[in-house]
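Reckoned from all heavy atoms, side chains included, excluding hydrogens, waters and symmetry mates. Just follow the structure's listing: the first ligand is 1, and inside any ligand the first atom is 1. A quick note: this is a predicted structure, and the numbers were derived from the prediction, not measured.
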Amino acid sequence: MRGTAFHQPASPVADEAPVPFARTEICPEARAAALQVMESGWVSAGPQTGLFEREFADRVGARHAVAVSSCTAAIELALRALRLPPGSVVMVPTLTFCGAAQAVVHAGLRPLLVDVEPATGMPSAATVGRAVHDCGRPRAMMVMHYGGAPAPLAELADAAGLPLTRVVEDAAHALGTYLGSRPVGALSMASCFSFYATKNLPIGEGGMVTTDDDDLAEWVRRARLHGMSADAWRRHLPGGSWQYTVDDAGLKANMTDLQATIGRAQLQHLSDWQRRREVLAARYTAGLRAVPGLLRPSAPAEGEGRHAWHLYAIRVLDGYGMHRDELVERLSQLGIGASVHFIPLHRLWYFRRTALRPPSGLPGADELFPQLLSLPLHPGLTEGQVDRVCDALAGLSRGAPAGAAAAPRTEADP
Ligand SMILES: *Cc1c(COP(=O)(O)O)cnc(C)c1O
C-alpha cells in the first residue's frame with residue numbers, strides 16, 4: 001500500500017522507481033485502531049488521548065505528557081506557561097523551522113536569533129555567548145536538536161546565563177535522541193515533539209509537551225483547550241459535571257482520539273524504526289566516504305548520547321564541484337528527492353524585519369546554509385535506494401574523475 005510521498009520528483013528513468021525524500025508509514029494496527037475510534041462514537045480528545053499521553057511520557061522518561069495539535073502549538077503553550085513579561089526576549093537558533101519562531105511570536109515574546117556552528121548546525125556555547133554579549137541576556141531559550149543530534153543543553157543554558165527552568169526544547173527531531181544515557185523528554189523545563197507526517201513518529205499532525213514540572217503540565221493541559229478546567233470527555237464521565245471554570249486565555253490546540261489511537265499503535269514500532277534509521281544512516285556514511293567535497297553528519301561519540309537520525313543532512317563543499325542548488329536539480333532529474341533544512345530565519349523577510357540578531361551577523365549559518373542538503377531517510381527506505389543515492393552523488397561530483405563508479409562501501413564502516 002502506498003502512502004503520500006513528499007517532495008517526490010518525477011522520475012524520467014523508466015526502470016528505476018523514484019526515491020522519495022520522505023514517505024509516511026502508517027502501520028496496519030493504526031488503521032484498524034482508527035476505524036475502531038470512528039465507530040466508538042467519541043473521536044475528539046478522550047480516553048485514547050489519555051492513554052497515548054501516559055505511554056509517551058513513559059517512553060521519554062517524563063512525569064507528564066500533554067498531547068496537543070502540533071509541535072508549533074506545543075512550543076507556544078510551553079513558552080506561555082513560563083509566564084514571562086510580554087515582549088520578553090527568547091533565544092532561538094537561526095537555523096530552525098520557521099514555525100518554532102512563529103510560536104515565540106504568538107506567545108507574545110520576541111525571538112533573538114543565535115548563530116550556529118557550521119560543523120553541527122546548532123548553536124554552541126561560543127555563539128550563544130556572542131549573542132548575549134551583543135544583545136543582552138534573554139529571558140528564556142529554545143534549544144533544538146538539529147536532525148536528531150543531541151544538543152548540549154546544560155552548556156548552552158549556562159552560556160546564556162539561564163537556569164534549565166527557562167529552557168524549552170524544540171524536540172521535533174529528537175524523539176529517539178539521548179543526551180548521555182537519558183532520552184530527550186524531561187531534561188529541560190519542557191520538550192516539544194511533533195507527529196507531523198515526515199517526523200520519526202508520524203500521525204499526520206499532532207504534538208506533545210513533556211515535562212517533570214506538575215504546574216507546567218497542568219497549565220498546558222488547560223490552556224490547550226480554551227483554558228477550561230475540565231474537557232468534554234471528563235465532563236461526560238459518570239459523576240462528571242457540566243460545570244467548568246476559565247481562569248486564563250486558552251488556545252484550541254488539543255489532540256483528538258483519532259490521532260492518539262494512531263500514535264499509540266505507531267509507538268509500538270518506534271524502536272524498530274529507530275534501529276532502521278541507524279542502519280540506513282550508517283550505510284550513507286560508509287557509501288559517501290570517498291566522495292570528494294561532501295561532509296557527512298557524525299554520530300555522537302561513545303557516552304555522548306544517541307542520534308535520532310530524523311535527518312541525514314550533508315554539506316556540499318566547493319570541492320564537490322557543483323553548487324547545492326544545482327545538485328538538488330540534478331538529483332531530482334534522477335528521481336531522487338532531497339531537501340534543505342532550513343532556510344535560516346534571518347533570511348526570511350518577516351524575521352529579518354522583526355527578530356533581534358547580533359549586529360555582527362550570523363556568519364556560521366550564512367556559511368552553512370548554501371551547503372546543506374538533506375538526503376532521503378525514512379524506515380521504509382531500502383539499502384538499494386540508499387546505494388542509488390550514494391552512486392548518484394558520486395557520479396555527479398565534478399571533484400571525482402569522469403565516470404567514477406560508486407564509492408567503495410564496507411558493511412563494517414560506521
Ligand atoms: C516540524 C518542525 C516543527 C513544527 O512541527 P509541527 O508539528 O508541524 O508544528 C518545529 N520545529 C522543527 C525543528 C521542526 O522540524
Fit a plane to each ring of His341 and His310, take the angle between them on a 0 to 90° scale, and name the class: parallel (under 30°), tilted (30 to 60°) or perpendicular (over 60°).
perpendicular
Enumerate the atoms of ligand 1 whose separation from the nearest heavy atom of [X] is less than 4.0 angstrom.
X      : answer
Ala172 : 2 (C), 3 (C), 10 (C), 11 (N), 12 (C), 14 (C), 15 (O)
Ser70  : 7 (O), 9 (O)
Gly206 : 7 (O)

For the residue pair Thr354 and Val105, establish whether any side-chain heavy-atom pair is separated by less than 4.5 Å.
no
Report yes if the side chains of Arg277 and Tyr312 come closer than 4.5 Å at any heavy-atom pair, otherwise no.
no
Is there a heavy atom of [X] sitting under 4.0 angstrom from any atom of ligand 1?
X      : answer
Tyr146 : no
Lys199 : yes
Ala73  : no

Among all the protein's non-hydrogen atoms, which is closest to [atom], and how far away is it?
atom                    : value
atom 13 (C) of ligand 1 : Asp170 OD2, 3.4 Å
atom 5 (O) of ligand 1  : Cys71 CB, 3.2 Å
atom 3 (C) of ligand 1  : Phe97 CD2, 3.6 Å
atom 9 (O) of ligand 1  : Thr72 OG1, 2.6 Å

Quick one: which of Val184, Val167, Asp158 gives a side-chain contact (heavy atoms from CB on, under 4.5 Å) with Leu153?
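Going through the options one by one, the only one that passes is Val167.
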Under 6.0 Å between ring centres, would you say that holds for Phe52 and Phe195?
yes
Got a second to check how far Arg276's CZ is from Leu381's CG, nearest 0.5 Å?
7.5 Å
Spacing of Glu205 atom CD and Lys199 atom NZ [to the nearest 0.5 Å]:
9.5 Å
Does Arg324 count as lying over the ring of Phe369, i.e. NZ or CZ under 6.0 Å from the six-ring centre, within 45 degrees of the axis?
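Yes.
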Between Ser271 and Arg59: side-chain donor-acceptor atoms closer than 3.5 Å:
yes
Any nitrogen or oxygen of Ser194, main chain or side chain, under 3.5 Å from a nitrogen or oxygen of ligand 1?
yes
Are any of the N/O atoms in Thr96 less than 3.5 Å from those in ligand 1?
no
With respect to atom 15 (O) of ligand 1, which of Glu76, Met142, His173 exhibits the smallest heavy-atom separation?
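Comparing heavy atoms across Glu76, Met142, His173, the nearest one to atom 15 (O) of ligand 1 lies in His173.
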